[in-house]
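Presented below is the structure to which this report refers.
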Amino acid sequence: MKRVYCLMILLLCATSVLLAQKKAEIEFKQTKYDFHEIAEENGDVSHIFTFINKGNAPLIITRASANCGCTKPEYPVKPVAPGKEGQIKVTYQPKGRPGSFSKNIYVYTNGEPERVVLLITGTVIPKP
């Protein structure tokens with residue numbers, strides 16, 4: 001019987017330690033953005049995706065990358081404190097790319113989730 005009590009106490013301690021661990025948690029206000037129609041001649045277009053660290057530990061964006069060289073993400077290099085907001089600016093270069101587009105941006109963090117996929121879409125109207 002003592003073994004059962006000891007085992008239960010150990011399990012309870014292990015569970016409380018796991019639950020007490022600090023973890024960052026990223027939550028975006030939106031993960032998709034549609035530029036609709038953009039004129040190629042007007043040049044690059046950008047959108048800012050805002051997120052909040054809903055966790056109880058500093059959030060670090062370890063990297064952000066796009067599935068195309070025509071799309072450039074910019075992200076904070078300093079940790080984002082719990083409860084604070086951060087931004088990721090995504091710039092699309094339409095020059096020489098007429099027609100519709102759909103680009104994924106992959107954001108990697110030290111928190112939950114470890115990877116978030118952002119999406120930008122639109123249609124490039126070619127130069128007359």
Side-chain angles (χ1 to χ4, degrees):
M1 193 66 155
K2 287 183 182 181
R3 284 185 181 174
V4 172
Y5 286 126
C6 287
L7 184 58
M8 287 174 55
I9 290 172
L10 282 173
L11 285 173
L12 182 62
C13 289
T15 303
S16 63
V17 167
L18 286 175
L19 292 176
Q21 288 182 349
K22 293 188 173 197
K23 190 86 169 169
E25 183 181 341
I26 190 169
E27 182 179 289
F28 280 87
K29 291 186 178 181
Q30 67 177 132
T31 56
K32 299 175 184 174
Y33 183 76
D34 187 354
F35 285 103
H36 300 288
E37 292 185 348
I38 56 175
E40 179 182 5
E41 62 194 23
N42 291 345
D44 298 355
V45 291
S46 297
H47 178 71
I48 294 177
F49 290 94
T50 302
F51 64 87
I52 188 168
N53 179 1
K54 294 211 131 198
N56 56 7
L59 174 72
I60 299 170
I61 306 290
T62 55
R63 68 185 161 116
S65 60
N67 61 351
C68 174
C70 59
T71 306
K72 179 184 172 192
E74 296 175 50
Y75 57 93
V77 292
K78 292 182 180 179
V80 177
K84 298 296 181 182
E85 289 188 347
Q87 298 178 334
I88 295 181
K89 180 180 178 182
V90 177
T91 302
Y92 178 71
Q93 302 165 340
K95 185 176 180 184
R97 296 179 178 88
S100 63
F101 65 91
S102 177
K103 303 296 177 186
N104 290 328
I105 300 90
Y106 303 96
V107 179
Y108 298 88
T109 76
N110 68 326
E112 287 294 324
E114 291 180 5
R115 184 182 87 155
V116 177
V117 180
L118 305 176
L119 175 69
I120 58 169
T121 58
T123 302
V124 176
I125 306 302
K127 292 179 186 178

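Numbering starts at 1 and runs along the sequence shown.
- Y92 and I125 sit in two unconnected hydrophobic clusters of ILVMFWY residues. Membership requires side-chain heavy atoms under 4.5 Å apart, directly or through other members.
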Working for side-chain contact (heavy atoms from CB on, under 4.5 Å), residues N104 and L118 = CA-CA 6 Å; N104 290 328; L118 305 176; over 6 Å; no
key: Verdict with reasoning, F49 to F51, per ring-ring contact (aromatic ring centres under 6.0 Å, His included)   = CA-CA 7 Å; F49 290 94; F51 64 87; over 10 Å; no
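- Each of D44, V45, T71 was checked for a side chain to side chain contact (heavy atoms under 4.5 Å, CB included) with T91, and the lone residue meeting it is D44.
- Across every non-hydrogen atom of P73 and A64, the tightest pair is CG-O, 3.6 Å.
- Under a cut-off of 6.0 angstrom, the local environment of NZ in K103 is crowded, with over 12 non-hydrogen atoms contributed by other residues, nucleotides or ligands.
- Looking only at distances, a side-chain donor or acceptor of T62 sits under 3.5 Å from a matching main-chain atom of Y108.
- Looking at every heavy atom in both residues, P76 comes nearest to I88 through CD-CG1, 4.5 Å.
- Within the 3.5 Å criterion, the main-chain N or O of V80 finds a donor-acceptor partner in the side chain of N53.
- Around NZ of K32, the count of heavy atoms belonging to other residues, nucleotides or ligands within 6.0 Å does not exceed 12.
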query = Given the rule in the side-chain contact (heavy atoms from CB on, under 4.5 Å) test, do L59 and N110 qualify, once you have shown the distances and angles that lead to the verdict?
reply = CA-CA 6 Å; L59 174 72; N110 68 326; 3.6 Å; yes
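- Side-chain contact check for I105 versus I120: some heavy-atom pair is nearer than 4.5 Å.
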message = Set out, in order, the CA-CA distance, both residues' side-chain angles and the distance that settles side-chain contact (heavy atoms from CB on, under 4.5 Å) for Y106 and R63, then state yes or no.
response = CA-CA 8 Å; Y106 303 96; R63 68 185 161 116; over 6 Å; no
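- Between R97 and C70 there is a side-chain heavy-atom pair separated by less than 4.5 Å.
- G43 and P94 make their closest contact through O-CG, 3.2 Å (heavy atoms, listed as atom of the first residue, atom of the second, distance).
- Using a 4.5 Å heavy-atom cutoff, the side chains of S46 and V90 are not in contact.
- Between E41 and K95 there is no salt bridge, since no side-chain nitrogen of the basic residue lies less than 4.0 Å from a carboxylate oxygen of the acidic one.
- Classified by interplanar angle (parallel below 30°, tilted 30° to 60°, perpendicular above 60°), the ring pair Y33/H47 is parallel.
- Shown here is E114, whose CD atom has no more than 12 heavy atoms of other residues, nucleotides or ligands within 6.0 Å.
- Side chains of I38 and T123 form no contact here, defined as non-hydrogen atoms less than 4.5 Å apart.
- The two residues A24 and A57 come nearest to each other via the heavy atoms CB-O, 3.5 Å.
- For the pair K23 and N56, the tightest heavy-atom approach, listed with the atom from each and the gap, is N-OD1, 2.7 Å.
- Atom-to-atom distance recorded for Q87:CD and E74:CD is 11.0 Å, nearest 0.5 angstrom.
- Counting only heavy atoms from C-beta outward, the side chains of Q93 and E40 never approach each other to under 4.5 Å.
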key: Steps toward side-chain contact (heavy atoms from CB on, under 4.5 Å) verdict (L119, S102)   = CA-CA 7 Å; L119 175 69; S102 177; 3.3 Å; yes
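- The hydrophobic cluster containing F101 does not contain V117, counting ILVMFWY residues as joined when their side-chain heavy atoms lie under 4.5 angstrom apart, directly or transitively.
- Here the rule is side chain to side chain contact (heavy atoms under 4.5 Å, CB included) with I26, and of I60, T109, I52 only T109 fits it.
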